Amino acid sequence: MATRSRDDREAKRRIRQMEAKRALRQEQAKRRKRDNTIAIGAGAAAVILAVVLQLTVFSSNPTEAEFAAAEAGLSSPSASPSAAPSQNSADVPSADTAAGKTFTGQLSLNGGAVGVELNGTAAPQAAAVLKSLADAGYYNGANCHRLTTSETFGLLQCGAKSEDGADDPNYRWGPLENTPADNKYPAGTIAIARTGNNAYGNGHQFFIVYKDTTIPADTAGGYTVVGKVTSGLDVVTNIAAAGLKPGENNNDGAPVAPVTIDSFSLK
């Protein structure tokens, strides 16, 4: 009888584990529809925050609310880290095509012109990718699906083909380049969004920083700074000033009015 009781308890334990894993997979599936976003937080990384973030697996990087919860010692989803790619997808252009070059051009957002400059010396792989995608017309009609509006964290994330921010998981590249040692991204910075804790988690998406912003590095490092805005930053600040869609919380979500890339040209 004692043996049977132990067996029953073991069976129940395994059922609970299976239910927990099933719930985790369902939650990850929901997150996969969210942004391929950048990690958000404020201040120096406390030990508890670092531990939580190292244990946390996101199909996109944590939102500002999740960072705040972790920093406050609140609950945060966690699981074993998933395998990360360690090389570029086959259709990613060689960094040599941009090495030592400077590309200038224009990004048109909802009819507003934003002048840009990409630095192929500091970030040749990132510059090669954006130049290739822009030349192919990939960004025409793409969305700027994510906006953050907190006091010390302001960015507009662009490049998603769908309004929910999903990105093609088959287009991934690295390594990280030109990441700020102090985790500070000045207003006008253009940087590459990526999946969390993955130096080869870059994809099609990038973000424009419209106010001085601090983004703590994760276990992979910071975020590749590929260039800067040379004119028209007010186009982005005006989008930010309009705010978020009703129902969005914690200064992080979709812009109140959809933002579309009309065109992206580089030369």
Side-chain angles (χ1 to χ4, degrees), residues 31 34-64 66-68 70-71 76-89 92-95 98-99 118-130 146 148 152-159 165 167 169 171-209 212-228 252:
R31 290 179 178 279
R34 289 286 298 167
D35 309 15
N36 185 25
T37 59
I38 65 168
I40 299 178
V47 173
I48 185 172
L49 177 59
V51 172
V52 170
L53 294 181
Q54 287 176 17
L55 293 176
T56 302
V57 171
F58 296 88
S59 60
S60 60
N61 293 11
T63 66
E64 188 171 11
E66 289 164 333
F67 257 92
E71 194 168 32
S76 178
S78 63
S80 300
S82 58
S86 59
Q87 61 184 12
N88 291 341
S89 303
V92 172
S94 169
L118 304 188
N119 188 338
T121 299
Q125 183 62 79
V129 167
L130 292 194
R146 185 185 182 197
T148 68
T152 59
F153 198 100
L155 61 90
L156 179 68
Q157 186 170 326
C158 302
D167 200 15
Y171 190 86
R172 288 289 180 263
W173 55 275
L176 301 181
E177 304 170 301
N178 196 33
T179 57
D182 58 2
N183 296 328
K184 296 185 183 299
Y185 298 76
T189 296
I190 302 173
I192 305 298
R194 62 174 171 83
T195 54
N197 306 311
N198 186 356
Y200 280 78
N202 301 313
H204 297 92
Q205 298 181 24
F206 59 91
F207 60 94
I208 300 171
V209 179
D212 292 349
T213 293
T214 299
I215 309 173
D218 60 18
T219 58
Y223 298 84
T224 294
V225 174
V226 64
K228 62 183 179 181
D252 185 353

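Remember, it's a predicted structure, so these values are computed and weren't measured experimentally.
- Separation of atoms CZ (R194) and CG (N202) is listed at 7.0 Å; rounding is to 0.5 Å.
- Minimum heavy-atom separation, L176 to T179: CB-CG2, 4.0 Å.
- The CD1 atom of I208 sits 14.5 Å away from atom NZ of K228, with the distance rounded to the nearest 0.5 Å.
- A distance-only check finds a donor-acceptor pair linking the side chain of T148 to the backbone of L155 [under 3.5 Å].
- Contact record, A95 with A128: CA-CB, 4.2 Å, taken as the closest heavy-atom pair.
- Judged by distance alone, the side chain of E177 and the main-chain N or O of A126 form a donor-acceptor pair under 3.5 Å.
- Between A123 and V225, the closest heavy-atom pair is CB-O, 3.6 Å.
- Judged by distance alone, with hydrogens and angles left aside, the side-chain atoms of S89 form a donor-acceptor pair with the main-chain N or O of R172 at under 3.5 Å.
- Taken from CD in Q157 to CD in Q205, the straight-line distance is 5.0 Å, to the nearest 0.5 Å.
- If you take CG on N183 and CD1 on I215, they are separated by 8.5 Å, rounding to the nearest 0.5 Å.
- Side-chain atoms of F206 and C158, non-hydrogen and from C-beta on, do get closer than 4.5 Å to each other.
- Considering all non-hydrogen atoms of both residues, T214 and K184 come closest at OG1-NZ, 3.6 Å.
- Checked by atom type and distance alone, the side chain of D212 pairs as donor or acceptor with a backbone atom of A187 at under 3.5 Å.
- Formation of a donor-acceptor pair under 3.5 Å by the D218 side chain with backbone atoms of N197 is found in this model.
- Ion pairing between a basic and an acidic side chain is recognised when a charged N comes within 4.0 Å of a carboxylate O; D252 and R146 show such pairing.
- Annotation for G120 and A127: closest pair CA-CB, 3.9 Å, computed over non-hydrogen atoms.
- The aromatic rings of Y223 and F207 lie perpendicular to each other, with more than 60° between the two planes, well past the 30° mark.
- Of all heavy-atom pairs between G222 and A217, the closest is N-CB, 3.9 Å.
- With contacts defined as side-chain heavy-atom distances shorter than 4.5 Å, the pair V129/P93 qualifies.
- Between the CG atom of N88 and the OH atom of Y171 there is a distance of 8.5 Å, given to the nearest 0.5 Å.
- Once rounded to the nearest 0.5 Å, the distance linking CD of Q125 with CG of N178 reads 14.0 Å.
- Looking at L130 and I192, their side chains come closer than 4.5 Å, going by heavy atoms from C-beta outward.
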